[in-house]
2 protein chains.
Amino acid sequence: MDAAERRREIAAAVWRVIRRDGVQGASVRAVAREAGTSMGALRHWFATQDELLHFAMTLVIEHARARVAAVVAGATPDARLVLRVLEETLPLDDGRRAEAEVWLALTARALTAPTLAALRDRSAEDLLALCRWVLTVLADAGDLRPGSDPSLEAERLYAVLDGLAVHAVTRPSALPVGRVRQVLAAHLDDLRDTR
Amino acid sequence: MDAAERRREIAAAVWRVIRRDGVQGASVRAVAREAGTSMGALRHWFATQDELLHFAMTLVIEHARARVAAVVAGATPDARLVLRVLEETLPLDDGRRAEAEVWLALTARALTAPTLAALRDRSAEDLLALCRWVLTVLADAGDLRPGSDPSLEAERLYAVLDGLAVHAVTRPSALPVGRVRQVLAAHLDDLRDTR
DNA sequence: TCTAAACTAGCACAGTCGTGCTACAACGAC
DNA sequence: GTCGTTGTAGCACGACTGTGCTAGTTTAGA
């Protein structure tokens, strides 16, 4: 049996439970039931509940990272690519919405769960680095508006991303997918001097 | 005894427990212990745990609303005021950080708690309205950059606010208070045509 | 002083919780 | 065949959960 695959299956069950009942509903028993297995079997793959949540969070991060890498791979870095890359981090379809919901739930949990916090910090660092990379791409293309502070702009772009993610996840009807893309595109236009 | 005041005291205990142990730690017993009272007494003021969390969230919203109102009251609406108003919604000191932590925890909880969700939606609507108001203030002062879509810009500003709030709360050392203010100020400068 | 209301205290019930633990089945290596 | 590893199953423990409930205490009004 493929151990990694088995763990991913169980993590998927964790996602489903979290989306349905929140983190507080993701008890060992509930996850085992959702995964169609027994408590004993589940604990063979994850010794503690913390491990379970930690891996579920890891998977969110991995998915996003893989999507970003797939878009970047072999493409020429320009303003159009940059938009597509950033869109991969936003909840623009069901799959990404699922991830974003789990991300929000576990991010909140991380406020009082040290091991989750460490994971969240690393992923935040990655996302901020992505934003910095975006700025350098625009700068290299001569597209960046003169006089702007790249470090500050990276922070602002990161805030826009996570702000949009939170709003799209919490109030999807008030902020439909198309609107999210508009806002992101507008922000990127703003970073360039295309006005 | 002042009933409203007593309820506020208990809600303050809820905040402390949530900050220390997360929402999942905010059991009726834990809150009663933190408030220095008994379960029975606590349940005299809040019949169910849901009511407890609901009121704790209400208080977060009320505090922010009151701060904003206090800044706006009697002042002339201009770009400088607008910055001060928006800063009231961000976790720039210990009090506001406490509120923002509770807000994040309960916002995540609201994903699977309908009564909290209703509350969160109303407060989100309020904040978005505040952002729209900011845009009209800038427009009225002739300060708004020509060609920008006020509705879209309100959405973007709202994203910046909540994105900054999330980052400031989750990673205070990576995003110190001064930096948060810089990013917000930069965004406001961007909305104007001061470049 | 007596009474009703407001308030406090905490037990009782019927659960669920995480995890330690043992028992058992499947299966490849020798 | 037999052994050891890998995976599954689920019981047992002690602790904690939200809320229904009764009983006691304090306070205010007449």
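Reminder, nothing fancy here: chain letters follow the sequence lines and each chain counts from 1. Here the structure is a predicted model, which means the values were calculated and not measured.
- Taking 3.5 Å as the limit, the base of C/dG18 and the side chain of A/Arg29 contain a donor-acceptor pair of atoms between them.
- Nearest heavy atom pair, residue A/Leu191 against residue A/Leu135, reads CD1-CD2, 4.4 Å.
- Looking at A/Arg181, A/Arg171, A/Arg179 one by one, the single match for salt bridge (Lys or Arg N to Asp or Glu O under 4.0 Å) with B/Glu155 turns out to be A/Arg179.
- For the pair B/Arg6 CZ and C/dC7 C1', the computed distance is 10 Å after rounding to whole Å.
- Using a 4.0 Å cut-off between a side-chain N of Lys or Arg and a carboxylate O of Asp or Glu, A/Glu5 and A/Arg8 qualify as a salt bridge.
- The side chain of B/Ser27 contributes an N or O atom lying less than 4.0 Å from OP1 or OP2 of D/dT17.
- Each of A/Gln24 and B/Gly40 was assigned the nucleotide of DNA chain C with the nearest heavy atom; the assignment lying further toward the 5' end belongs to B/Gly40.
- C/dG18 atom P lies 11 Å from atom CZ of A/Arg33, rounded to whole Å.
- Taking 4.0 angstrom as the limit, B/Trp45 places a side-chain polar atom (N or O) nearer than this to OP1 or OP2 of C/dT8.
- The distance from atom CD of A/Glu51 to atom C1' of C/dG18 is 13 Å, rounded to the nearest whole Å.
- Taking side-chain N and O atoms only, A/Thr48 has no distance below 4.0 Å to OP1 or OP2 of C/dG18.
- Using a 4.0 Å cut-off between charged nitrogen and carboxylate oxygen, A/Arg145 and B/Asp190 count as a salt-bridge pair.
- Residue B/His44 places at least one side-chain N or O under 4.0 Å from the OP1 or OP2 atom of C/dC7.
- If you take CG of A/Leu53 and P of C/dG18, they are 9 Å apart, rounded to a whole angstrom.
- With C/dT8, D/dT19, D/dG10 as the candidates, the nucleotide lying closest to the side chain of B/Val28 is D/dT19.
- Position along DNA chain C of the nearest nucleotide to A/Ala26 versus B/Met39 favours B/Met39 as the more 5'-ward residue.
- Here the C1' atom of nucleotide D/dG20 and the CZ atom of B/Phe46 are 19 Å apart, to the nearest Å.
- Residue side chain B/Arg43 reaches the base of D/dG20 through a donor-acceptor N/O pair under 3.5 Å, judged by distance alone.
- Rounded to an integer number of Å, the gap from CD of A/Gln49 to C1' of C/dG18 is 7 Å.
- B/His63 and B/Trp15 have their aromatic ring centers within a separation under 6.0 angstrom.
- Per the geometry, CG belonging to B/Asp50 stands 7 Å off P belonging to D/dT19, to the nearest Å.
- One interatomic measurement links the two molecules: CG of A/Leu52 to P of C/dC17, which rounds to 13 Å at whole-angstrom precision.
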